[in-house]
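Below is one structure, written out as structure tokens; the observations come after it.
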Amino acid sequence: MKRLKLLELFAILICFLFVSGIVVNDITDIFRMDENYGWVYEYGQAYSFFSFYGAILWSLLNSALIVTKPNNNWRRNTIWTLISLAPLLFLGFGLIAYHFEW
């Protein structure tokens, strides 16, 4: 098995940040009305916001870097570009589904 390159590792990290933002958002809702642990909700929501939208921005940047990388292996570049674009695709399909109320 070949070692993953830096941009490919970033693609995996971007997907992990995106999913962790969604999971943390759901988990911290338990602490929303709690007097003692309200700070967990606040910090969790901040982390969720920055990881969710940051992953989308990093997804665009990383995908552009993968596409413009001088490499003859177009199949590998295409696969890693799609993996890197997964958060953006998820958001896009979610917005389309919301628009058509699926």
Side-chain angles (χ1 to χ4, degrees):
M1 185 171 159
K2 292 176 109 178
R3 276 186 76 184
L4 296 178
K5 295 182 174 82
L6 188 62
L7 292 176
E8 295 165 353
L9 288 174
F10 281 150
I12 294 170
L13 179 65
I14 288 167
C15 292
F16 175 74
L17 280 175
F18 185 75
V19 170
S20 71
I22 294 171
V23 170
V24 167
N25 187 26
D26 290 340
I27 290 174
T28 56
D29 276 342
I30 299 168
F31 302 103
R32 186 178 213 168
M33 298 297 176
D34 196 336
E35 293 178 11
N36 296 327
Y37 297 107
W39 59 272
V40 173
Y41 173 75
E42 292 174 10
Y43 286 116
Q45 292 298 308
Y47 171 79
S48 175
F49 177 81
F50 287 115
S51 66
F52 184 83
Y53 291 109
I56 291 172
L57 292 176
W58 281 107
S59 170
L60 288 171
L61 179 66
N62 194 45
S63 299
L65 290 174
I66 290 173
V67 168
T68 59
K69 179 176 62 171
N71 190 354
N72 294 336
N73 195 349
W74 63 271
R75 183 176 292 157
R76 183 179 173 109
N77 283 354
T78 304
I79 291 170
W80 283 106
T81 302
L82 288 175
I83 290 172
S84 182
L85 282 175
L88 187 66
L89 293 173
F90 181 82
L91 180 67
F93 287 137
L95 290 174
I96 291 170
Y98 177 76
H99 177 71
F100 291 112
E101 297 177 5
W102 283 342

>> Distance check, rounded to the nearest 0.5 Å: Lys69 atom NZ versus Trp80 atom CH2?
In response: 9.5 Å
> Measuring from Leu65:CG to Leu6:CG, what's the distance to the nearest 0.5 Å?
Replying inline: 10.0 Å
> Does OH in Tyr47 sit with more than 12 non-hydrogen atoms of other residues, nucleotides or ligands closer than 6.0 Å?
Replying inline: yes
>> Nearest 0.5 Å, please: how far is OG in Ser59 from CG in Leu17?
In response: 11.5 Å
> Ignoring hydrogens and geometry, is there a side-chain-to-backbone donor-acceptor pair from Asn62 to Leu7 under 3.5 Å?
Replying inline: yes
> Linking I/L/V/M/F/W/Y whenever their side-chain heavy atoms sit closer than 4.5 Å, directly or via other members, would Leu9 and Val67 fall into one cluster?
Replying inline: no
> So if you build clusters from Ile, Leu, Val, Met, Phe, Trp, Tyr with side-chain heavy-atom gaps below 4.5 Å, do Phe93 and Leu60 land together?
Replying inline: yes
> Taking side chain as C-beta onward, heavy atoms only, is Gln45 less than 4.5 Å from Val24?
Replying inline: no
>> Test of understanding: clusters of I, L, V, M, F, W, Y form through side-chain heavy atoms closer than 4.5 Å, transitively. Do Ile79 and Trp74 belong to the same one?
In response: no
>> For a 4.5 angstrom cut-off between non-hydrogen side-chain atoms, does Phe10 reach Trp58?
In response: no
>> With heavy-atom distances below 4.5 Å as the criterion, would you say the side chains of Phe52 and Asn25 are in contact?
In response: no
> Would Val19 end up clustered with Ile56 when hydrophobic side chains under 4.5 Å apart are linked, directly or stepwise?
Replying inline: no
> What pairs with Tyr43 under ring-ring contact (aromatic ring centres under 6.0 Å, His included), at least two apart in sequence or on another chain?
Replying inline: none
> Checking side-chain contact (heavy atoms from CB on, under 4.5 Å) for the pair Ile66/Ser84: CA distance, chi angles, key distance, verdict?
Replying inline: CA-CA 9 Å; Ile66 290 173; Ser84 182; 4.2 Å; yes
>> Please evaluate residues Ser63 and Thr81 with respect to the criterion side chain to side chain donor-acceptor pair (under 3.5 Å), reporting the C-alpha separation (whole Å), side-chain torsions for both, the decisive distance (0.1 Å), and the verdict.
In response: CA-CA 5 Å; Ser63 299; Thr81 302; 5.7 Å; no
> Quick one: CD1 on Ile83 to CG on Leu89, what's the gap to the nearest 0.5 Å?
Replying inline: 11.5 Å
> Could you give all pairs that pass the salt bridge (charged side-chain N to carboxylate O under 4.0 Å, His left out) test and reach residues 7-20, with sequence neighbours left out?
Replying inline: Glu8-Arg76
> Just how far is it from atom CD1 of Ile14 to atom CG of Leu57, taken to the nearest 0.5 Å?
Replying inline: 10.0 Å
> Do Tyr41 and Ile27 belong to the same hydrophobic cluster, where Ile, Leu, Val, Met, Phe, Trp and Tyr are linked whenever their side-chain heavy atoms lie under 4.5 Å apart, directly or via other members?
Replying inline: no
>> Using a 3.5 Å distance criterion without hydrogens, assess whether the side chain of Ser48 forms a donor-acceptor pair with backbone atoms of Gly21.
In response: yes
> Could you state the interatomic distance from CD1 (Ile30) to OH (Tyr37), rounded to the nearest 0.5 Å?
Replying inline: 13.0 Å
